[in-house]
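To start, the structure itself, in structure tokens.
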Amino acid sequence: MFKPADHAFMSKALQLAKKGLYTTTPNPRVGCVITRNNEIVGSGWHEKAGQPHAEINALTMAGAAAQGATAYITLEPCSHHGRTPPCADALIRAGIARAVIAMQDPNPQVQGGGIAALKQAGIAVQSGLMQDSAAALNAGFIKRMQQKKPWVRVKMAISLDGKTALNNGQSQWITGEAARRDGHHWRARSCAIMTGIGTIRADNPHLTVRHVSTSRQPRKIIIDNHLAIPIDADILKEGNTCIFTTSAGNTAKIARLERIGAHVIPTEQTGQEQVNLTSVMTTLAQLECNEVLVEAGSALSGALIRAGLVDELIIYMAPSLLGGSARDMFQWSEFTSLEQKIALRMMDMRMIGRDIRIIARL
């Protein structure tokens, strides 16, 4: 069905889409390559929400050469008016003869509409080429469109015996500098970074992206049941912070936090007077968060897994042992049967400096 050249040009389009890894949120990462006689005449990627989509950038480069050409696009062209006009219409006006599309757009406003418009205009359309690679680039966007939840990753640094800190809380640094730098790439691609009040009290983190060139900082999300966050916490100093709490009645503290730029979101609670994490994720999806990176302690990380809200684990394992009394990765009740074990699917394992990085999906 697809020729070797089709694979080569779609691979190029996917490489272009990756250039928007840190910048396109809340939009998907999309690349486009336009060819005539197996020669590239135009290429582009979506760089930032509100700016031209990948197809428009590629058509601009191609100019008149787009007439009768083939367009390789990593995601179905949009067919609705959003921040920008429909890309399907632009491809039709340009006179594209053939479109090869990696995957259908999961956005209910599109979802086949772009492909239908191209076909109705007489353009030959083929889809499904390198679909898995295209979907992997936009796991968060796809999940938000289909399930109204963001894609959630829990990132942890652990010792070889699965410990995250000494019993006294000391954890800096378990892993080496290379692993810590690598972790900032996951921050940079995320729409939001989530942590709990325990981590705020113990480490006073900024949770900002460093070591990576990016034009934006992710939103910072704090789970703080009883609104115990100190007003002078470092995480509040850069702004763009949301605090989810059950303490809606603490109006004085809420007012103080909002005066310094924090956004306090009272939310429903569970029976243990804790923030309802499912409700939090629904709210984050409504705030157009595609990917959420969790950098938290064992209590919040364990609670998210128990609630079925975690999609992926990113574990940096150091060649060291911290001993039996050190802190575990996740806090939950004892398993009494192996049938209770949580199954993981290993996606990737590689050395990052002296440490091992493991990516596993639940």
Side-chain angles (χ1 to χ4, degrees), residues 11 14-15 17-19 21-22 29 74 102 130-143 150-166 171-195 199 207 209-212 214 218 290-298 300-302 304-306 308-324 326-332 335 338-362:
S11 179
L14 287 165
Q15 291 171 13
K18 288 180 183 177
K19 291 189 174 185
L21 196 64
Y22 305 147
R29 296 132 184 165
T74 61
M130 304 180 75
Q131 178 172 308
D132 290 347
S133 296
L137 266 179
N138 290 304
F141 178 78
I142 294 168
K143 187 179 178 187
W151 184 270
V152 179
R153 297 182 177 95
V154 171
K155 180 171 78 70
M156 285 190 166
I158 66 170
S159 61
L160 195 60
D161 51 348
K163 304 297 182 178
T164 62
L166 298 178
S171 63
Q172 298 179 343
W173 297 104
I174 293 175
T175 54
E177 183 178 353
R180 297 197 298 275
R181 284 179 174 270
D182 186 73
H184 282 268
H185 289 275
W186 296 100
R187 283 187 180 183
R189 68 175 289 166
S190 301
C191 304
I193 304 173
M194 176 182 289
T195 195
T199 299
L207 294 187
V209 177
R210 304 181 296 279
H211 313 303
V212 176
T214 179
N290 293 332
E291 299 177 16
V292 174
L293 183 67
V294 179
E295 298 190 25
S298 61
L300 178 55
S301 299
L304 287 165
I305 291 178
R306 288 196 306 274
L309 297 170
V310 176
D311 299 287
E312 198 166 62
L313 302 177
I314 302 173
I315 306 297
Y316 295 92
M317 181 182 291
S320 60
L321 302 170
L322 296 187
R327 298 185 181 182
D328 291 323
M329 297 170 64
F330 304 113
Q331 187 180 112
W332 42 40
F335 291 178
L338 284 177
E339 293 179 355
Q340 296 174 279
K341 69 178 184 291
I342 296 171
L344 303 175
R345 181 158 56 100
M346 302 297 286
M347 305 299 295
D348 185 77
M349 183 182 297
R350 67 183 66 192
M351 296 297 299
I352 304 291
R354 64 180 178 83
D355 307 307
I356 298 173
R357 188 190 71 190
I358 300 168
I359 299 178
R361 291 187 179 176
L362 282 82

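Within the model, atoms CZ of Arg189 and CG of Leu21 stand 4.5 Å from one another, a figure rounded to the nearest 0.5 Å. The CZ atom of Arg29 sits 13.0 Å away from the CG atom of Leu14 when rounded to the nearest 0.5 Å. In this structure, CD1 in Ile158 is found 4.5 Å from CE in Met329, a value given to the nearest 0.5 Å. Summarising the geometry, atom CZ belonging to Arg327 is positioned 9.0 Å from atom CG belonging to Leu166; distances are rounded to the nearest 0.5 Å. If you take CD1 on Ile315 and CD1 on Ile359, they are separated by 10.0 Å, rounding to the nearest 0.5 Å.
Side-chain contact check for Thr175 versus Ile352: every heavy-atom pair is 4.5 Å or farther apart. Residues Leu207 and Arg187 have side chains in contact (heavy-atom distance under 4.5 Å, counting atoms from C-beta outward). With contacts defined as side-chain heavy-atom distances shorter than 4.5 Å, the pair Tyr316/Arg180 does not qualify. Under the 4.5 Å side-chain criterion, counting only non-hydrogen atoms from C-beta, Met156 is not in contact with Leu313. A 4.5 Å side-chain heavy-atom check between Thr199 and Glu295 finds every atom pair outside the cut-off. The closest side-chain heavy-atom distance from Leu137 to Thr74 is not below 4.5 Å. Proximity of Asp355 to Pro319: side-chain heavy atoms (C-beta onward) are separated by under 4.5 Å at one or more points. You'll find the side chain of Asp328 stays beyond 4.5 Å of the side chain of Ser298, heavy atoms only.
A side-chain donor-acceptor contact under 3.5 Å links Asp161 to the backbone of Gly323. Side-chain N or O atoms of Arg306 include one that pairs as donor or acceptor with a backbone N or O of Gln331 at under 3.5 Å. Counting only distance, with no hydrogens or angles, the side chain of Asn290 and the backbone of Asn138 share no donor-acceptor pair below 3.5 Å.
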Going through the distances and angles, do Thr195 and Leu300 end up as a side-chain contact (heavy atoms from CB on, under 4.5 Å)?
-> CA-CA 8 Å; Thr195 195; Leu300 178 55; 5.6 Å; no

Evaluate the criterion side-chain contact (heavy atoms from CB on, under 4.5 Å) for residue pair Leu304 and Met194; output intermediate values, then yes/no.
-> CA-CA 11 Å; Leu304 287 165; Met194 176 182 289; 4.2 Å; yes

So Met317 and Leu160, side-chain contact (heavy atoms from CB on, under 4.5 Å) or not? Walk me through it.
-> CA-CA 6 Å; Met317 181 182 291; Leu160 195 60; 3.4 Å; yes

Determine, stepwise, if the pair Leu344 / Leu362 fulfils side-chain contact (heavy atoms from CB on, under 4.5 Å).
-> CA-CA 5 Å; Leu344 303 175; Leu362 282 82; 3.7 Å; yes

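The nearest pair of heavy atoms linking Ser159 to Ser320 is CB-O, 3.3 Å. Heavy atoms only, all atoms of each residue included: Ala296 and Ser301 are closest at O-OG, 3.6 Å. Residues Ala326 and Ala165 share a closest heavy-atom pair of CB-O, 3.1 Å.
By the ring-ring contact (aromatic ring centres under 6.0 Å, His included) test, Phe330 is found to be paired with Trp332, residues two or more places apart in sequence or in another chain being considered. Applying the salt bridge (Lys or Arg N to Asp or Glu O under 4.0 Å) criterion to Arg153, with sequence neighbours excluded, gives Glu291, Glu312. For His211, the ring-ring contact (aromatic ring centres under 6.0 Å, His included) partners are His184, not counting sequence neighbours.
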